[in-house]
Asks: 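My questions all concern the structure below.
These values consider heavy atoms only, across backbone and side chains, with no hydrogens, waters or symmetry-generated copies. Within every chain, numbering begins at 1; the chains are lettered A, B, ... in the order of the sequence lines, protein sequences first and strands thereafter.
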Amino acid sequence: MENREFNMEKVYQPQQIEARIYDAWEKSGAFKPVMKPGRKSFTIVMPPPNITGQLHVGHALDEMPQDVLIRYHRMKGDPTLWVPGTDHAAIATEVKVVEALRAEGLTKQDLGREKFLERTWEWKKEYGGRIVRQLRKLGVSCDWSRERFTMDEGLSKAVRETFVRLYEKGLIYRGKRMINWCPACQSALSDAEVEYVEQKSHLWHIRYPGPDGHDVVVATSRPETMLGDTGVCVNPNDERYRDLVGKTVLLPIVNKRIPVVADDYAEMEFGTGAVKMTPAHDPNDYEVAQRHNLEIVCVIAEDGRMNENAGKYAGMTTMECRKAIVEQLKEEGYLVRIEDYTHNVGTCYRHHDTVVEPYLSDQWFVTMKPLAAPAIEVAKNKELVFVPERFEKTYLQWMENIRDWCISRQLWWGHRIPAFYCEECGELTVSREDITVCPKCGGKVDQEEDVLDTWFSSALWPFSTLGWPEETEDMKNFYPNSVLSCGYDIIFFWLARMVFSGLEQTGKCPFHVALMHGLVRDAQGRKMSKSLGNGIDPIEVIDQYGADALRFSLVMGVAPGADVRLSNEKIETYRNFCNKIWNASRFVLMNLQGFEPKGLPAPEELSIADKWILSVYQDTVREVTDKLENFDLGMAATKLYDFVWSDFCDWYIEIAKQGLYAEDGGVKRVTQEVLLHVLTGILKLLHPYIPFITEELYGYLPNAGGMLISASWPECDPAYDFADVAARFEGVMDAIRAIRNLRAEMNVPMSKRATLILKPHEGWYDPLAAAEGYFKRLAGASAVEFIDSAAPNPDKSASAVVEACELFIPLGELVDVDKEIVRLTKDLKNLEGEIARANGKLNNAGFVSKAPAELVEREREKLATNEGLLEKLKARIAEMEALR
RNA sequence: GGGGCUGUAGCUCAGCUGGUUAGAGCGUCACGUUGACAUCGUGAAGGUCAUAGGUUCGAGCCCUACCAGCCCCACCA
């Protein structure tokens, strides 16, 4: 152990330690929960990244709050479990594999379902592990022995159990509905998977010839769909079209007569008041068609192209068709006018450029109303708490306006729906076990081709990963989970669905706290995206600056739920912080050679500075702990950053040099104990945020005893709170700052030593005298003289008045009297301003009578002090003026 | 149409249940290598807390209105 510190690099080199430390953690089993009877466990399940994914900063942000909380609770001694895993990501993965096949000139149909699935599993084997390896580089402390995959055996069983239960309860049904169809996915999507984007377009006004020259002009944003028009809808109260209701108009191009119907759906004020009805390709039109028995003509195929019903337009994409139709309408004189129009177009959340088509088809749905009710209830009665609170509204608004969930996807990769159709009698059987014959007639059955929405399985993640539906030990120990942390962008996709699934399947809200975080943005506040090329690769960042710097930059000062701006400059700032800690530790260790710690010295052995740092340290421990308990991770980090850099490094370490280099071995030992005690605490407090460097440094400490840093969380001892002494020491620090200020303004470098003369104010002699050495070390004093309050002020001095004393630096000819007066007058003005403010308050009868007595008293004391200072300052200015 | 967020120093953001003359980092300027660290230290400049009212003894914080920017949901062709 001895001399190990001399091997410490002068500059922190994360690349040399991170991998080694992570291995040590994993080997030690530190990430596995340690059960303790009667002790409440702390559990989080990790939002499973897609197996298709590569680590991006979004993941890094996602893991941070979780790892901080997990590490904190582990250190506190709670049985702590963080469950990792990956998501099969039905559509995303299938798209990747199809792309890979295309490169070989193959389609998935060429392979057939079975071969395609084999191929996808192989793909999963190859790439699925990539992201979990990358996660380790971040330092996530999850229990890899419990890693799960949404399509592994256990989870598939959970999915199937859930599906069958919901079906048996009548909460899953199959039916022909208007759903969102993505022509690129070639599959249905749920409402949540559609993203609306604003698009500039037009409203085309088209004339449909009516009887007796009474034509109808309809306005449409999608002229190509007119090929599937089967009616025109007008408002029943619309005088303009009243005589046409019940009659027919001629559909141009198609040359077919279609009925005019009256329905409230048509708004008289919008467009022309007449709406063309395309029931096969518009959800609203479909509903009107149902009410009025309109024919349904499908003109757009599953691939997004016009089908055979589109006649000569068949085979065109909708956009090609639109152009051609508009052209023909113009030629034939049916196009009345074109109006500019901005509207929202639904796009696929996986294929951003692909417009989603409303499409009528047979799909599977979950009836949502009965499932949403208890999910609303738990939020309202605070069994489920959102941090920050505002996301409860987002959640409730969605739950309260819930619509049935389309769960079937026309894909192969995923959980195949456990429904079987009889070839003979058509009976539909939903079953926990695969069946080959119809239970009703014994005929041959075929399993449903569709698979489930990938979110159907992730909705079960908080308990399926723990072994549900079996009654496992893990279920008993770790369910419900303590906290669920995810980005606010997946509240609907995931969080909400976990809540109602957990409530329905287990009877319990799956977690108590929903801790939300925001999105990572670039330095300009834009979302990071491939197309913008503004993404930051976390792996590159880690290689360059270290994982800890990245981690800290994702939480430091970030309010819960807020978006985070990330830039290299920011990461550098925290890399510098890591280096600061490294060097502070290096300094302490250098001075701990041959030192055997015996614990904190008794209070009476401590210096005023020791008492100050210990007091501030304990305040910091309490505050950081409190913030962590309340999920305010950004604030806790800020607090630590300030304490470490300003209080510990800039002040205490500089002060400690005096004790360390002292002749008196007793003083040296006390200083060593205090340095070690506070540094140990700092490393522990920081460990949840920056685990690598703190673990590495902890290993060097003589009091580590071969333990991992996570073995305990710092505790406070009231015997080491010294608020009064600490306040006195702050007064000393102010005096030191005042001197530094003088020197800076007079351009006197620290290396130019100067005598310091102090005239202490009442009650301040002792702390100032105790700090004599600090004035020498921190303020460049060659000697410190104390003079009595009645003594005359030294001649030709730069001076300042602070709470503790008047201070003088006799600089002889260096003193510029005029400049001195200007500076002192500036101080005077500040003081006068403060006195005026306090007088204003104290002369206000309302303040004196209504404000807390303690506050009034504090204000009075401050006023008295300041008035005293004011007198002295005035006198000093008069003295200087006399010299002029 | 409904809901939400943001507006504080040149930039990025803190600011706890309302109570010291509003803070930090970066940037700028001046000075400084004193035995951990130039990935450093010391100091300085810089703010009518978007705007207008209101509540209060007291408002960056609470209420109302308004301006600006952003997000989510709904989806009138």
Asks: Is A/I338 close to A/H205 at the side-chain level, that is, under 4.5 Å between some pair of heavy atoms?
Replies: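 When only atoms from C-beta onward are counted, A/I338 and A/H205 do not touch, as no gap falls below 4.5 Å.
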
Asks: So what does A/M277 hit on the nucleic acid, given a heavy-atom distance under 4.0 Å: a base, only sugar-phosphate, or nothing?
Replies: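 Answer is nothing: A/M277 stays at 4.0 Å or more from every strand.
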
Asks: Which whole number of Å gives the distance between the P atom of B/G43 and that of B/G23?
Replies: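 That atom pair is separated by 15 Å.
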
Asks: What contact category does A/E654 fall into here, base, sugar-phosphate, or nothing, at under 4.0 angstrom with non-hydrogen atoms?
Replies: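 Base: the residue A/E654, judged by heavy atoms under 4.0 Å, touches a nucleobase.
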
Asks: Can you tell me the distance, in whole Å, between the CH2 atom of A/W645 and the C1' atom of B/C26?
Replies: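 The distance from CH2 of A/W645 to C1' of B/C26 comes to 12 Å, rounded to the nearest Å.
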
Asks: Does A/E267 reach the side chain of A/N235, with side-chain heavy atoms less than 4.5 Å apart?
Replies: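 They are not in side-chain contact.
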
Asks: Looking for any heavy atom pair under 4.0 Å, which part of the strands does A/P283 touch: base, sugar-phosphate only, or nothing?
Replies: nothing

Asks: Are any non-hydrogen side-chain atoms of A/E834 and A/K862 less than 4.5 angstrom apart?
Replies: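 When only atoms from C-beta onward are counted, A/K862 and A/E834 do touch, with a gap below 4.5 Å.
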
Asks: For A/R737, answer base if it contacts any base atom (sugar-phosphate contacts may also be present), sugar-phosphate if it contacts only those atoms, and nothing otherwise; contact means non-hydrogen atoms under 4.0 Å.
Replies: sugar-phosphate

Asks: Would you mind reporting whether A/V234 and A/R240 have side-chain heavy atoms less than 4.5 Å apart?
Replies: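 A/R240 does not reach A/V234 side chain to side chain.
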
Asks: Nearest to the A/N579 side chain among B/U39, B/A77, B/C40, which nucleotide is it?
Replies: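 Nearest to the side chain of A/N579 among the choices is B/U39.
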
Asks: Can you tell me, in whole Å, how much space there is between the P of B/C11 and that of B/G27?
Replies: 15 Å

Asks: With the side chain counted from C-beta on, respond yes when A/V644 and A/F577 share a heavy-atom pair under 4.5 Å apart, and no when they do not.
Replies: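 Side-chain contact under 4.5 Å: yes.
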
Asks: I'd like the C1' distance from B/C29 over to B/G35, given in whole Å.
Replies: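 Comparing C1' positions in B/G35 and B/C29 gives a spacing of 30 Å.
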
Asks: Rounded to whole angstrom, note down the C1' distance from B/G53 over to B/G15.
Replies: 25 Å

Asks: Given the C1' atoms of B/C40 and B/G25, what is the spacing between them in whole Å?
Replies: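 Per the computed distance, 16 Å lies between those C1' atoms.
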
Asks: Using the C1' atoms only, state how far B/C73 lies from B/U64, rounded to an integer number of Å.
Replies: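 So the two C1' atoms sit 26 Å from each other.
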
Asks: Assign each of A/N866 and A/R740 to its nearest nucleotide of RNA chain B by heavy atoms, then name whichever residue's nucleotide is nearer the 5' end.
Replies: A/N866

Asks: Are side-chain heavy atoms of A/T394 and A/M516 found at a separation under 4.5 Å?
Replies: no

Asks: Using the P atoms only, state how far B/U8 lies from B/G47, rounded to an integer number of Å.
Replies: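 Comparing P positions in B/G47 and B/U8 gives a spacing of 14 Å.
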
Asks: From the set B/U42, B/C5, B/G32, return the single nucleotide nearest to any side-chain atom of A/P749.
Replies: B/G32

Asks: Which whole-number value in Å describes the distance from A/E745 CD to B/C31 C1'?
Replies: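 Whole-Å distance recorded here is 12 Å.
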
Asks: Would you state whether a donor and an acceptor, one from the side chain of A/R575 and one from the base of B/U39, lie under 3.5 Å apart?
Replies: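 Yes.
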
Asks: By the 4.0 Å heavy-atom rule, please label A/A845 as base, sugar-phosphate, or nothing.
Replies: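 The residue A/A845 makes no contact with any strand.
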
Asks: Report the nucleotide, chosen from B/A36, B/A30, B/U39, that has the shortest atom-to-atom distance to any side-chain atom of A/N747.
Replies: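 The closest nucleotide is B/A30.
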
Asks: Classify the side-chain pair A/Y265/A/E287 by whether it contains a donor and acceptor separated by less than 3.5 Å.
Replies: no

Asks: Nearest-Å distance, CZ (A/F386) to C1' (B/G4)?
Replies: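 Atom-to-atom, A/F386 to B/G4, this comes out as 14 Å.
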
Asks: If the C1' atom of B/A59 is compared with that of B/G19, how far apart are they to the nearest Å?
Replies: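 It comes out at 10 Å once rounded to the nearest Å.
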
Asks: By the 4.0 Å heavy-atom rule, please label A/N830 as base, sugar-phosphate, or nothing.
Replies: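 Counting heavy atoms under 4.0 Å across all strands, the contact made by A/N830 includes a base.
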
Asks: Base, sugar-phosphate alone, or nothing: which one does A/I653 contact when heavy atoms must sit under 4.0 Å apart?
Replies: base

Asks: Choosing from B/A36, B/G25, B/G43, which nucleotide comes nearest the side chain of A/M590?
Replies: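 For A/M590, the side-chain atoms sit closest to B/A36.
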
Asks: Rounded to whole Å, please give me the gap between CZ in A/R526 and P in B/C71.
Replies: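 So the two atoms are 14 Å apart, to the nearest Å.
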
Asks: Any donor-acceptor pair under 3.5 Å linking the side-chain atoms of A/K627 with those of A/T625?
Replies: no

Asks: Using ring centroids (six-membered ring only for Trp), state whether A/Y349 and A/F493 fall under 6.0 Å.
Replies: yes

Asks: Give a yes or no on whether a donor-acceptor pair under 3.5 Å exists between the nucleobase atoms of B/C37, that is its base, and the side chain of A/K10.
Replies: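 Per atom types, no contact qualifies.
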
Asks: Considering only B/G19, B/C13, B/G41, which nucleotide approaches the side chain of A/R565 most closely?
Replies: B/C13

Asks: Checking contacts here: which listed nucleotide (B/G43, B/A24, B/A77) is nearest the side-chain heavy atoms of A/A744?
Replies: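 Closest nucleotide among those given: B/G43.
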
Asks: Nearest to the side chain of A/F847 - B/G19, B/U20, B/A14?
Replies: B/G19

Asks: If you restrict it to nitrogen or oxygen atoms, what contacts under 3.5 Å exist between nucleotides 72-74 of chain B and the protein, and what is each distance?
Replies:
unit_1 : atom_1 : unit_2 : atom_2 : d
B/A74  : N6     : A/N344 : ND2    : 3.4

Asks: Between B/U20, B/C40, B/C16, which one does the side chain of A/E834 approach most closely?
Replies: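 For A/E834, the side-chain atoms sit closest to B/U20.
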
Asks: Would A/H202 and A/E339 count as having a side-chain donor-acceptor pair, cut-off 3.5 Å?
Replies: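 The answer is no; no qualifying pair exists.
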
Asks: If you check the A/A851 side chain, which of B/G3, B/A36, B/G19 turns out closest?
Replies: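 Closest nucleotide to the A/A851 side chain: B/G19.
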
Asks: Consider the side chain of A/E267, meaning its heavy atoms from C-beta on, and name the nucleotide among B/G43, B/A77, B/A36 that approaches it most closely.
Replies: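 That would be B/A77.
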
